[in-house]
Protein chains: 2
Amino acid sequence: MPRDAVITYSIKELANDFMVTARTLRHYEEQGLLSPGRQGQNRIYTVKDRARLSWILRGKRVGFSLTEIGDMLDLYNLGDGRETQVAVTKKLCRDRVDALQRQMKDIRDTIEELEGFCEEVDSLVKKKNGEWIIEG
Amino acid sequence: MPRDAVITYSIKELANDFMVTARTLRHYEEQGLLSPGRQGQNRIYTVKDRARLSWILRGKRVGFSLTEIGDMLDLYNLGDGRETQVAVTKKLCRDRVDALQRQMKDIRDTIEELEGFCEEVDSLVKKKNGEWIIEG
DNA sequence: TTTCGAATTGACGTTAACGTCAACGTTAAG
DNA sequence: CTTAACGTTGACGTTAACGTCAATTCGAAA
């Protein structure tokens with residue numbers, strides 16, 4: 001029972017919730033992607049850490065490496081509004097978006113190809129049946 | 001100059017065309033993804049090999065592993081029209097398509113987030129300028 | 001107080017997808 | 001004939017993203 005009303009998670013809780021191992025969370029921390037607080041020696045994860053992890057995992061699913069994800073998370077840590085930094089950040093952002101859009105096209109094409117193949121298989125079977133071929 | 005009118009490619013030609021190394025093509029062959037003919041000792045790639053390679057690389061771009069891509073290419077080698085095999089093949093196909101569609105959603109979400117962040121950065125700068133803050 | 005479960009920190013192992021390098025064969029040009 | 005360019009087969013190296021295991025430590029329950 002939490003003494004305060006602050007929602008936190010143990011490493012295993014968070015790991016289970018996101019279907020990853022505790023080792024994975026420690027690894028992400030080693031890589032600087034997460035930095036949970038400590039309660040004594042143990043890690044305690046907040047809701048913000050949760051959101052961050054969610055972002056990380058989605059990044060992975062779309063094919064980014066951990067270092068790339070780290071870079072993207074760093075973008076959020078601007079703080080200083082130096083004009084050049086802002087410009088750089090926005091360019092990186094747009095580059096990412098472009099890459100993702102190219103990836104979407106690839107996926108669409110692959111889906112089409114797979115569905116086309118699926119139909120091909122169907123018609124192949126029907127043809128066989130049409131010629132009264134019961135089994136190959 | 002080719003003696004016949006059959007279009008073929010050397011390993012380096014193909015590699016250059018697709019912006020990969022020769023080693024990569026040999027690696028794909030080791031993994032059974034490609035099986036070019038030989039002219040003496042040298043590999044000769046046909047137009048079919050080209051198409052296969054194109055498929056492989058697109059598969060990579062959408063996040064499949066080489067073994068997964070190999071499995072998918074094997075689907076095309078049905079030949080035997082055994083009913084069960086056909087069913088299995090179609091299920092694998094559909095599973096792939098589902099996975100790809102989930103991936104598309106992830107990508108769309110990520111794009112949204114990135115664009116949202118981009119605008120956030122913009123408004124942050126304008127605010128600063130509105131308050132006559134030239135530089136952070 | 002002992003014991004148990006959950007967490008921690010090293011540190012080394014593993015897999016995928018190539019990179020890199022050595023040693024060698026072939027062919028066309030000078 | 002010899003050099004260069006291109007190709008070949010091992011075979012070992014590398015990086016990323018964790019897995020795995022050993023040796024603790026800590027807090028709560030029996």
Side-chain angles (χ1 to χ4, degrees), chain A residues 1-4 8-46 49-50 52-74 99 103 106, chain B residues 1-3 8-46 49-50 52-74 103 106:
Chain A
M1 306 134 183
R3 189 166 284 281
D4 294 339
T8 64
Y9 310 88
S10 79
I11 190 167
K12 212 171 196 179
E13 284 170 347
L14 198 61
N16 287 339
D17 288 0
F18 285 90
M19 302 279 286
V20 298
T21 70
R23 175 70 178 97
T24 298
L25 297 186
R26 293 200 198 93
H27 182 60
Y28 291 169
E29 187 173 348
E30 290 172 9
Q31 308 299 309
L33 301 184
L34 291 175
S35 41
R38 297 299 177 109
Q39 166 171 276
Q41 186 167 230
N42 296 8
R43 276 162 255 254
I44 51 175
Y45 295 88
T46 73
D49 293 322
R50 249 187 105 94
R52 238 178 129 83
L53 177 57
S54 169
W55 220 91
I56 293 170
L57 294 179
R58 198 180 57 196
K60 286 221 63 187
R61 288 199 299 273
V62 307
F64 289 130
S65 75
L66 291 188
T67 36
E68 285 174 324
I69 294 172
D71 294 349
M72 297 173 71
L73 285 173
D74 285 348
Q103 200 178 337
D106 278 336
Chain B
M1 308 134 183
R3 188 167 284 282
T8 64
Y9 310 88
S10 80
I11 190 168
K12 212 172 195 178
E13 285 171 346
L14 198 61
N16 287 338
D17 288 359
F18 284 89
M19 303 278 287
V20 298
T21 70
R23 175 71 178 95
T24 298
L25 298 186
R26 292 198 199 95
H27 182 60
Y28 291 169
E29 188 173 347
E30 290 172 8
Q31 309 298 311
L33 301 183
L34 291 175
S35 42
R38 298 298 177 108
Q39 166 171 273
Q41 187 167 229
N42 295 8
R43 278 163 254 254
I44 52 175
Y45 296 89
T46 73
D49 292 322
R50 250 187 105 93
R52 237 179 129 83
L53 177 57
S54 168
W55 220 92
I56 293 170
L57 294 179
R58 199 181 57 197
K60 286 220 63 187
R61 288 199 300 273
V62 306
F64 289 130
S65 74
L66 291 189
T67 34
E68 286 173 323
I69 294 173
D71 294 348
M72 298 173 70
L73 286 172
D74 286 347
Q103 201 178 337
D106 278 337

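For D/dG19, one of the phosphate oxygens OP1 or OP2 lies less than 4.0 angstrom from a side-chain nitrogen or oxygen of A/Thr24. Between A/Tyr28 and D/dC18 there is a side-chain polar atom (N or O) within less than 4.0 angstrom of OP1 or OP2. OP1 and OP2 of C/dA6 both lie 4.0 Å or more from every side-chain N or O belonging to A/Ser10. Residue B/Arg26 has a polar side-chain atom (N or O) positioned under 4.0 Å from OP1 or OP2 of D/dT8.
Distance, A/Leu25 CG to C/dT8 C1': 14 Å, rounded to whole Å. Across the protein-nucleic acid pair, A/Gln39 atom CD and C/dA6 atom P stand 16 Å apart, rounded to whole Å. Nucleotide C/dT8 holds its P atom 13 Å from the CG atom of A/Leu34, rounded to whole Å. Rounded to an integer number of Å, the gap from A/Ile11 CD1 to D/dT25 C1' is 16 Å. A/Glu13 has its CD atom 13 Å from the C1' atom of C/dA7, to the nearest Å. Across the protein-nucleic acid pair, A/His27 atom NE2 and D/dT20 atom P stand 15 Å apart, rounded to whole Å. One can place CD of A/Glu30 at 12 Å from P of C/dT8, the figure rounded to the nearest angstrom. Separating the CD atom of A/Glu29 from the P atom of C/dA7 is a distance of 14 Å, rounded to the nearest angstrom.
The CG atom of A/Asp74 sits 8.5 Å away from atom CG of A/Leu33, with the distance rounded to the nearest 0.5 Å. Rounded to the nearest 0.5 Å, atoms CZ (A/Phe18) and CG (A/Leu53) are 5.0 Å apart.
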Apply side chain to side chain contact (heavy atoms under 4.5 Å, CB included) to residues B/Thr8 and B/Tyr45 and explain how you reach the verdict.
CA-CA 5 Å; B/Thr8 64; B/Tyr45 296 89; over 6 Å; no

Going through the distances and angles, do B/Tyr28 and B/Ile56 end up as a side chain to side chain contact (heavy atoms under 4.5 Å, CB included)?
CA-CA 9 Å; B/Tyr28 291 169; B/Ile56 293 170; 3.9 Å; yes

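A salt bridge links B/Arg38 with B/Glu29; the closest basic N to acidic carboxylate O contact falls under 4.0 Å. The pair A/Arg50-A/Glu13 fails the salt-bridge criterion, with no side-chain N (NZ, NE, NH1 or NH2) lying under 4.0 Å from an Asp/Glu carboxylate O.
If A/Thr67 and B/Lys12 are placed on DNA chain D by their nearest nucleotide, the residue sitting closer to the 5' end is B/Lys12. When each of B/Leu66 and B/Gln41 is assigned the nucleotide of DNA chain C with its nearest heavy atom, B/Leu66 is the one assigned upstream, toward the 5' end.
In the set D/dG7, D/dC18, D/dT8, the nucleotide with an atom closest to the side chain of B/Arg38 is D/dT8. For A/Arg23, the side-chain atoms get nearest to D/dG19 when compared with the rest of D/dG19, D/dG7, C/dC18. Set against C/dG19, D/dG7, D/dC18, the side chain of B/Thr21 has C/dG19 as its closest nucleotide.
Contacts between residues 53-62 of chain B and DNA chain D, counted as heavy-atom distances below 4.0 Å, involve no residue at all.
Between the side chain of B/Asp49 and the backbone N or O of B/Thr46, at least one donor-acceptor pair lies under 3.5 Å.
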